[in-house]
Asker: 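First the structure, then my questions, so here it is.
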Amino acid sequence: MENREENQKALCKHIPDLLSSFVDAFVDFSVSGGLFLPSQNPSLDPQKTHQETPLSLQTRYPAPDRLVAIGDLHGDMEKSKQALRLAGLIDGSDKWAGGSATAVQVGDVLDRGDDEIKILYFLEKLKREAMKDGGNLITMNGNHEIMNIEGDFRYVTKLGLKEFEDWAYWYCLGNEMKSLCAGLEKPKDIYDGIPLNFRGVDSEVLQGIRARIAALRPNGPIANKFLSKNVTVLVVGDSIFVHGGLMAKHVEYGLERINEEVRDWISGLTGKAAPRYCRGGNAVVWLRKYSVVEKNCDCSMLEHVLATVPGVKRMIMGHTIQADGINLACNNRAVRIDVGMSKGCGDGLPEVLEINQNSDLRVLTSNPLYQSKHKSYLDADTKEGLGLLITESGSKQVEVKA
């Protein structure tokens with residue numbers, strides 16, 4: 001009898017936590033388009049939006065057997081899935097099918113499209129599925145993630161604001177449900193400190209803007225749940241990834257240090273303003289010295305930067321739309337993979353980059369003008385490179401640069 005009472009007390013003790021987990025899953029399902037996130041290590045549980053210790057971020061990885069690089073997604077779920085299927089990373093049921101492959105998405109999930117939150121949830125689902133299969137999906141911060149955390153919403157769509165307004169409804173409803181349980185701490189008001197009105201803001205979008213600020217500001221629920229886990233610079237095998245580009249001063253400052261400081265800022269530990277190397281034209285998420293097609297790539301600067309990172313052969317970047325598809329410059333040292341695939345950003349044909357363990361590069365393209373979707377580029381001295389393989393696509397010029 002005594003043991004039964006102790007068991008009942010132990011069960012009751014965990015009811016508040018069970019209720020909280022149920023509510024979180026209910027909210028996730030409601031705002032993600034019907035996804036249940038697979039379980040994972042509790043110590044890395046993004047359901048816990050206020051963690052005492054920031055999540056550790058890994059900056060350097062050994063070369064995998066297969067490495068896939070995916071460019072800017074900008075709120076377009078359909079094109080995002082097309083790119084992932086093109087790479088063989090998801091199957092017809094949208095489940096991870098990449099096995100032990102490592103995939104890197106170079107940032108700019110946010111802005112210009114209407115499915116930003118849904119893509120964040122979808123990528124999180126794939127991360128957990130990949131981990132169980134021995135694979136890895138790594139997401140990065142782009143300039144649009146940094147802009148939104150700072151409250152710069154210049155490139156948000158009306159439906160994008162509506163998505164955040166809907167998220168806030170379900171999130172606040174979940175908090176109300178939690179507040180009914182005496183064993184749980186009363187949830188914080190997500191709108192705390194956010195003005196009720198903004199000068200010049202139409203009433204039609206006001207609540208969406210307030211919800212977006214609440215979600216994405218430093219220590220906001222969406223910022224904590226997803227963006228705080230993004231890296232800003234990354235080394236995988238002999239490739240270094242960054243959204244915009246790196247200068248020697250960035251490498252000297254420290255790649256791990258950059259990742260940790262950006263993570264701490266997103267987690268609300270260091271103030272409202274982004275670190276200085278994330279702001280301005282020479283920032284790691286804004287730099288275009290190696291990616292603007294109509295100008296000469298600064299190859300000498302790139303060579304100097306790569307020489308400061310042992311074992312690295314190339315820099316892989318997004319940020320600047322390549323109207324003729326994925327291409328290389330500077331003797332294959334600069335790899336530009338943003339093809340403007342989002343409907344809000346040029347509606348380009350999806351392409352992804354693949355690197356095998358021997359450091360052979362291939363472009364996987366959905367361009368119907370190419371019967372073979374696997375375009376190899378192996379010889380650094382040949383006159384034909386990835387940039388020349390796609391030039392006959394007839395893609396329209398894209399003027400969007402942000």
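Small disclaimer: the values here were computed from a predicted structure and weren't measured.
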Asker: Checking Leu19 against Met177 for the side-chain contact (heavy atoms from CB on, under 4.5 Å) test, could you report, in this order, the C-alpha distance in whole Å, the side-chain angles of both residues, the deciding distance, and whether it holds?
Answerer: CA-CA 9 Å; Leu19 173 64; Met177 294 169 66; 5.7 Å; no
Asker: So that I can tick it off, tell me whether Lys229 and Glu124 are bridged by a salt bridge, with the cut-off set at under 4.0 angstrom between side-chain N and carboxylate O.
Answerer: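 Result for this pair is yes, salt bridge flagged.
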Asker: Among Val68, Leu67, Val335, which residue meets the side chain to side chain contact (heavy atoms under 4.5 Å, CB included) test with Ile355?
Answerer: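 Result for side chain to side chain contact (heavy atoms under 4.5 Å, CB included) with Ile355: Leu67.
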Asker: Are any of the side-chain nitrogens in Glu165 or Arg210 under 4.0 Å away from the carboxylate oxygens of its partner?
Answerer: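 Salt bridge between Glu165 and Arg210, a charged N being under 4.0 Å from a carboxylate O: no.
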Asker: Ser20 side chain to Pro16 main-chain N or O, any donor-acceptor pair under 3.5 Å?
Answerer: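 Checking the backbone N and O of Pro16 against the side chain of Ser20, no donor-acceptor pair under 3.5 Å is found.
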Asker: When you measure from the side chain of Thr157 to the backbone N and O of Gly113, does any donor-acceptor pair fall under 3.5 Å?
Answerer: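 The answer is yes, because a donor-acceptor pair under 3.5 Å joins these two groups.
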Asker: Any chance you could lay out the side-chain contact (heavy atoms from CB on, under 4.5 Å) test for Ile70 and Val106, step after step, and finish with the verdict?
Answerer: CA-CA 6 Å; Ile70 305 168; Val106 297; over 6 Å; no
Asker: Side chains of Tyr121 and Asp28: is there a donor and an acceptor less than 3.5 Å apart?
Answerer: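 Per modelled atom types, Tyr121 and Asp28 side chains form a pair under 3.5 Å.
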Asker: Is there a side-chain contact between Leu246 and Met315, using heavy atoms and a 4.5 Å cut-off?
Answerer: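 Yes - at least one pair of side-chain heavy atoms lies under 4.5 Å apart.
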Asker: Do the ring planes of Tyr253 and Tyr277 sit parallel (below 30°), tilted (30 to 60°) or perpendicular (above 60°)?
Answerer: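 The arrangement is tilted - the two ring planes meet at 30° to 60°.
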Asker: Do Leu110 and Met147 come close enough that some side-chain heavy atom pair is under 4.5 Å?
Answerer: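 No, too far: nothing below the 4.5 Å cut-off.
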Asker: One thing to verify: whether Asp24 and Lys178 come together as a salt bridge, which I'm taking to mean a side-chain N less than 4.0 angstrom from a carboxylate O.
Answerer: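 Counted as a salt bridge, because a side-chain N and a carboxylate O are separated by less than 4.0 Å.
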Asker: Going by an N to O cut-off under 4.0 Å, is there a salt bridge joining Arg217 and Glu150?
Answerer: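 Answer for the salt bridge query: no.
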Asker: Is the side chain of Glu145 donor-acceptor paired with the backbone N or O of Gly107 at a distance under 3.5 Å, no angle test?
Answerer: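 Looks like no, no N/O pair under 3.5 Å.
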Asker: Leu120 versus Leu227: any side-chain heavy-atom pair under 4.5 Å?
Answerer: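 Sidechains of Leu227 and Leu120: in contact.
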Asker: Once you round to the nearest 0.5 Å, how far does CD1 of Ile119 lie from CG of Asp114?
Answerer: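 With rounding to 0.5 Å, CD1 (Ile119) is 9.5 Å from CG (Asp114).
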Asker: Compute whether any side-chain donor of one residue and acceptor of the other, for Lys125 and Ser32, lie under 3.5 angstrom apart.
Answerer: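 Side chains of Lys125 and Ser32: no pair found under 3.5 Å.
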Asker: Under a 4.0 Å threshold between the charged nitrogen and the carboxylate oxygen, would Glu129 count as salt-bridged to Lys95?
Answerer: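 Result for this pair is no, no salt bridge flagged.
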Asker: Between the main-chain N or O of Ser93 and the side-chain N or O of Asp91, is there a donor-acceptor pair closer than 3.5 Å?
Answerer: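 Answer holds: yes.
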Asker: Looking at Arg60, is its backbone amide N or carbonyl O close enough to the side chain of Gln58 to form a donor-acceptor pair, meaning the two atoms are under 3.5 Å apart?
Answerer: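 Between the backbone of Arg60 and the side chain of Gln58 there is a qualifying donor-acceptor contact (under 3.5 Å).
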Asker: Under a plain distance cut-off of 3.5 Å, with no hydrogens placed, do Arg336 and Ser291 share a side-chain donor-acceptor pair?
Answerer: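 Side chains of Ser291 and Arg336: no pair found under 3.5 Å.
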Asker: Mark yes or no for whether Trp265, through its side chain, and Gly268, through its backbone, hold a donor-acceptor pair below 3.5 Å.
Answerer: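 Checking the backbone N and O of Gly268 against the side chain of Trp265, no donor-acceptor pair under 3.5 Å is found.
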Asker: Would you mind telling me which of Asp108, Asn230, Asn141 makes a side chain to side chain donor-acceptor pair (under 3.5 Å) with His243?
Answerer: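 For His243, the side chain to side chain donor-acceptor pair (under 3.5 Å) test succeeds with only one of Asp108, Asn230, Asn141, which is Asp108.
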Asker: Among residues at least two apart in sequence or on other chains, which ones pass disulfide bond (SG atoms under 2.5 Å apart) with Cys299?
Answerer: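 Residues passing disulfide bond (SG atoms under 2.5 Å apart) with Cys299: Cys330.
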Asker: Give a yes or no on whether a salt bridge exists between Arg85 and Asp94, defined as a side-chain N under 4.0 angstrom from a carboxylate O.
Answerer: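 Salt bridge present between Arg85 and Asp94.
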Asker: Write down the atom of Ala83, the atom of Val352, and the distance for their closest heavy-atom approach.
Answerer: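 The pair with the smallest heavy-atom distance is O-CG1, 3.7 Å.
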Asker: Using every non-hydrogen atom in the two residues, find where Ile146 and Val262 come nearest and quote the distance to one decimal.
Answerer: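 Taking Ile146 first and Val262 second, the nearest heavy atoms are CD1-CG1, 4.5 Å.
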Asker: Quick one about Ser359 and Arg314 (side-chain donor to acceptor, distance below 3.5 Å, no hydrogens or angles considered), yes or no?
Answerer: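 Yes, because at least one side-chain N or O of Arg314 sits under 3.5 Å from a partner of the opposite role on Ser359.
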Asker: Does a donor on one side chain and an acceptor on the other come within less than 3.5 Å for Asp65 and Asn356?
Answerer: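 Side-chain D/A pair, Asp65 to Asn356: absent.
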Asker: Applying side-chain contact (heavy atoms from CB on, under 4.5 Å) to Val236 and Phe241, what does each step give before you reach the verdict?
Answerer: CA-CA 8 Å; Val236 182; Phe241 292 82; 4.0 Å; yes
Asker: Run the side-chain contact (heavy atoms from CB on, under 4.5 Å) check on Val285 and Thr232 step by step: do they pass?
Answerer: CA-CA 8 Å; Val285 294; Thr232 304; 4.3 Å; yes
Asker: Could you tell me if the side chain of Glu116 sits less than 4.5 Å from the side chain of Asp111, heavy atoms only?
Answerer: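 Yes, close enough: below the 4.5 Å cut-off.
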Asker: Test Thr270 against Asp264 for side chain to side chain donor-acceptor pair (under 3.5 Å), laying out the working first.
Answerer: CA-CA 6 Å; Thr270 58; Asp264 288 350; over 6 Å; no
Asker: So does Gly318 get a backbone contact from the side chain of Asp72, meaning a donor-acceptor N/O pair under 3.5 Å?
Answerer: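 Not a single qualifying donor-acceptor pair exists.
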Asker: Please check if atom CZ in Phe22 has more than 12 non-hydrogen atoms from other residues, nucleotides or ligands closer than 6.0 Å.
Answerer: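 No, CZ of Phe22 has 12 or fewer neighbouring heavy atoms, counting only those of other groups under 6.0 Å.
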Asker: Which atom pair, heavy atoms only, marks the closest approach of His250 to Gly245?
Answerer: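 It is ND1-O, 4.2 Å.
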Asker: Would a 4.5 Å heavy-atom cut-off, applied to side chains only, mark Met341 and Gln82 as touching?
Answerer: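 A side-chain contact is absent here, since even the closest heavy-atom pair is not under 4.5 Å.
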Asker: Can you confirm whether the side chains of Tyr171 and Glu176 place a donor and an acceptor under 3.5 Å from each other?
Answerer: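 Absent: no donor and acceptor within the cut-off.
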Asker: With heavy-atom distances below 4.5 Å as the criterion, would you say the side chains of Lys132 and Ser39 are in contact?
Answerer: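 They are in contact (side-chain heavy atoms under 4.5 Å apart), so the answer is yes.
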Asker: Starting at CG of Leu73, measure out to OG of Ser342 and round the result to the nearest 0.5 Å.
Answerer: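 Between Leu73 CG and Ser342 OG, I get 8.5 Å after rounding to 0.5 Å.
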Asker: Where is the tightest heavy-atom contact between Arg333 and Val312, given as atom of each residue plus distance?
Answerer: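 Closest pair (atom of Arg333, atom of Val312, distance): NH1-O, 3.9 Å.
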Asker: With the side chain counted from C-beta on, respond yes when Asn148 and Tyr155 share a heavy-atom pair under 4.5 Å apart, and no when they do not.
Answerer: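 Result no, sub-4.5 Å side-chain heavy-atom pair not found.
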Asker: Hey, what do you get for CG (Leu328) to CG (Leu361), rounding to the nearest 0.5 Å?
Answerer: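 So the gap between those two atoms works out to 6.0 Å.
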Asker: I'd like to know if the side chain of Ser366 and the backbone of Pro350 have a donor-acceptor N/O pair within less than 3.5 Å.
Answerer: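 Indeed, once roles are kept as given, a pair shorter than 3.5 Å links the two residues.
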Asker: If we check side chain to side chain contact (heavy atoms under 4.5 Å, CB included) with Leu234, which of these qualifies: Leu57, Leu255, Ile138?
Answerer: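 Running side chain to side chain contact (heavy atoms under 4.5 Å, CB included) over Leu57, Leu255, Ile138 with Leu234 returns exactly one hit, Ile138.
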Asker: As an exercise, state the distance from CZ of Phe122 to CG of Leu35, rounded to the nearest 0.5 Å.
Answerer: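 Here the interatomic distance stands at 7.5 Å.
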Asker: When rounded to the nearest 0.5 angstrom, what distance separates CG in Asp133 from CG in Leu126?
Answerer: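 Asp133 atom CG to Leu126 atom CG measures 11.0 Å (nearest 0.5 Å).
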Asker: Is it the case that the side chain of Asp189 and the backbone of Tyr191 share a donor-acceptor pair, with hydrogens and angles ignored and the cut-off at 3.5 Å?
Answerer: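 Checked: pair present.
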Asker: Would you say the side-chain atoms of His304 pair up with the backbone N or O of Ala248, donor to acceptor, closer than 3.5 Å?
Answerer: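 A pair under 3.5 Å: no.
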Asker: Mark yes when over 12 heavy atoms from residues, nucleotides or ligands other than Lys118 sit less than 6.0 Å from its NZ; otherwise mark no.
Answerer: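 Counting other residues, nucleotides and ligands, NZ of Lys118 exceeds 12 neighbours.
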Asker: So for atom CD, which belongs to Glu185, do other residues, nucleotides or ligands contribute more than 12 heavy atoms lying within a distance under 6.0 Å?
Answerer: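 No.
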Asker: What distance separates Cys297 SG from Asn331 CG, expressed to the nearest 0.5 Å?
Answerer: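 If I round to the nearest 0.5 Å, the distance is 10.5 Å.
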Asker: Could you please spell out the steps behind the side chain to side chain donor-acceptor pair (under 3.5 Å) verdict for Tyr169 and Gln207?
Answerer: CA-CA 10 Å; Tyr169 168 81; Gln207 290 309 311; over 6 Å; no
Asker: Side chains of Met301 and Met247: does their closest heavy-atom pair fall under 4.5 Å?
Answerer: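 Contact flag for Met301/Met247 side chains = yes.
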Asker: Is Asp347 salt-bridged to Lys79, cutoff N-O under 4.0 Å?
Answerer: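 So Asp347 pairs with Lys79 through a salt bridge.
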Asker: Taking all non-hydrogen atoms of both residues into account, name the closest pair between Trp167 and Ala215 and its distance.
Answerer: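 That closest heavy-atom pairing would be CZ3-CB, 3.4 Å.
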